Amino acid sequence: MGVTRRRGRADRPESKIRLAGIHMVEEPADHSVPRRSPLRKVLPGVFVAEFQKLMNWGRSNSLWYMTFGLACCAIEMMATGAARWDLDRFGSFFRASPRQSDFMFISGTVTEKMAPRIKLLYDQMAEPKWILAMGACACTGGPYAGAYNVVPGIDKVIPVDVYVPGCPPRPEALLDGLLRMQELVKQEGLRPVPRTAAQRAKDNASRREAERADVETAGQGVGRMENDAAVRPNNEQPGTGEEGVST
Amino acid sequence: MTGGDLTEKRTAAAEAIRSYLASSVPSADTAVRPDGELEVRVAPRDLLRAAQALAEAEPYPLRYLSCVSGVDWVERGRIEVVYSLYSMPGPEAKVSLRVETDRDVARASIPSLAGIWPTADFHEREIYDLLGVTFEGHPDLRRILLDESFVGHPLRKDFVDQRPAARRVTRGDYQA
């Protein structure tokens, strides 16, 4: 993509723009804009794209995740974020605040004491937001399912977009999960965000319904871990959890 | 120091502490084990006096509280609390101070030893949290591991998970 700027005026010598020590050379402007159009002055180089695709492209390549770890999986997550596997090359960085985060790795065992804190952090994240459940514990409670203080899967508390099983998952598996999450983000529509109270209530009702069905057919929960990383179809709307959540 | 030397030294120290304790807390039930450890069993009402005496015992004051454990003797209807003590410096003396109390949650109560060994603070909170023993005079007796809203004391042998069904998973769920 060439760098263009307005032509110098006759009464003034052409300005020399220097940016970071690089001398920017003038290039001819885009000829698709008519020579006499006023657009020429403000938008010398114009390109056209579908706004939705452009936005999804930007979002999927700058998925910032929260600096947040729960247990041993967090060590593996840190390794994936560090130099050897290097999440940075996918545009993903640790952010130290839920306000600046696009998604969250649930990396480890979720205890009953921690669950409300995770819910709070999730509620503090700005829409749109995604959740990746990392490891057996975050998916279903893992080896600790059935313990008196362990939540059998973070999806009992907040909606999950991508499940990455493993104990812990290899960094390669986590990267695969991230790439699948990027695929999800690329399918995002321009739906109004935040959703209306009515939509939220509907989501919550359907989620509760699903939970009840889950309880009745308990044990099938492990089935969804058969694939390497199971992805929720995009047409399934995530519920936001309890009613009255500030948006 | 070889094992035999250590046992000899510990046995000698245990005898010394035993006679020291006999003068200040005569009701204490003491026994020296073959490895030289001194076992002291006291009633809850004598616990504070016995602990004070052990902390100041001559010539081996037991200044180091290594661990506090709780044991649920569900068949006998008793809960036992065990304080593991060492003399510092050196391994000369090893004492386990044992006290038993009622298993009923409302009556399970013994005096706190946090005033004598600060280590006891967190350990006693843990036993309160998981076994439901109240420590009288504890500076800050709250649950330490579980949330305040948790119902019950999970390390009791007859504990029943009170959480909603959606949060509970049993072995059968995975065998289906």
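Bear in mind that the values here come from a model prediction, so they are computed numbers and not experimental data. Here is how names work: the chains are called A, B, and so on, in the same order as the sequence lines, proteins then strands, and each is numbered from 1.
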Member of Leu145(B), Asp147(B), Leu146(B) meeting the side chain to side chain contact (heavy atoms under 4.5 Å, CB included) criterion with Lys113(A): Asp147(B)
Nearest-0.5 Å distance, OH of residue Tyr148(A) to CG of residue Leu130(B): 5.0 Å
More than 12 heavy atoms from other groups under 6.0 Å of [atom1] on [X]:
X        : atom1 : value
Trp85(A) : CH2   : yes
Arg78(B) : CZ    : yes
Arg84(A) : CZ    : no
Tyr64(B) : OH    : no

Proximity breakdown for Arg167(B) and chain A, heavy-atom pairs closer than 4.5 Å: both
